[in-house]
Amino acid sequence: MSAVVESKRISVPEIMAHKNAKPVVCLTCYHAHTARLLDEHVDLMLVGDSLGMVIHGMENTLGVTLEMMILHTQAVMRGSKRALVVLDMPFGSYEESPQVAFRNASRAIRETGCQAVKLEGGARMAETMHYLTQRGIPVMGHIGLTPQRIQIFGGFKTQGRTEAEWPAIEADALAVAEAGAFAVVLEGMAEPLAAKITGQIAIPTIGIGASPKCDGQILVMEDMLGLNPHPPKFVRQYGSMGADIEAAVKAYAAEVRARTFPGKENVYTMKKAG
Ligand code: KIV
């Protein structure tokens, strides 16, 4: 008998079984405490490379390293026990060759215990996705607005606005599905195109700034909680944590500042009076 407790986490086949059955609820997550809070309520947590911007204040995701992704994924794994956890492969860790991608993805899985990785790119990354899935690494695809190509797009621009752009994006979706990916993120994509792709491929599509007709949805948790002062336009706010934190810190600071020391005047009170 094995001494190891069997994992109770949602599995890759269970996520795939959502297709045409029930929506897949996904959020990004980067820390242990929030992982604990999300765990009961979401099917999939993505440790996205958006953490470069959201947690580390970077301008874009290009400076994120594999070490950063591993560290944050370890925290999310420690904080959760139910949701499927996916690590987002950062820029430069998988594009060079399928072999480099396998080396880095297998390290990420070994060092974190997460169940899958995500790669940006459609047809151009299909060979790599196939190489990984054939060797036991579950892969989530990501097409449409892929932030690691921001320099090529010239900004965060919605993809597929004109029908002339559609065939290439549809080909990306098919290539990702045929390469063995278990799901694909459709980001920043014109709604009718995202809906069309959802009907065309056999794996769940997970929309972000795409279409409610996708098989599931993902948002950056900090955006939907109101922690980002400049969230993308498409994000609905489900909380006001930025304002809540500010109010709490203000109350705390006022309380500490009001303290007096025996025989001394309170400098803050003096300042106010002056
Ligand atoms: O890095 C990230 O948070 C992502 C999601 C936006 C899908 O890739």
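Counting starts at 1 for both ligands and their atoms, following the listed order.
In this view, E163 satisfies the salt bridge (charged side-chain N to carboxylate O under 4.0 Å, His left out) rule with no residue, not counting sequence neighbours. Remark: E187 pairs with no residue by the salt bridge (charged side-chain N to carboxylate O under 4.0 Å, His left out) rule, at least two apart or across chains.
Using modelled atom types and a 3.5 Å distance limit, the side chains of R135 and S106 yield no donor-acceptor pair. For the residue pair E170 and Q200, a side-chain donor N or O sits within less than 3.5 Å of a side-chain acceptor on the partner.
Looking at R36, its side chain never comes within 3.5 Å of a backbone N or O of G79 through a donor-acceptor pair.
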One line per pair, note the atom names and distance for all nitrogen or oxygen contacts under 3.5 Å between ligand 1 and the protein.
residue	atom	partner	partner atom	Å
ligand 1	1 (O)	D49	N	3.1
ligand 1	1 (O)	D49	OD1	3.0
ligand 1	1 (O)	S50	N	3.0
ligand 1	1 (O)	S50	OG	3.3
ligand 1	1 (O)	D88	OD2	3.2
ligand 1	3 (O)	S50	OG	2.5
ligand 1	8 (O)	K118	NZ	3.0

Got a list of side-chain donor-acceptor pairs under 3.5 Å for residues 247-262, not counting sequence neighbours?
residue	atom	partner	partner atom	Å
R257	NE	Y268	OH	3.3

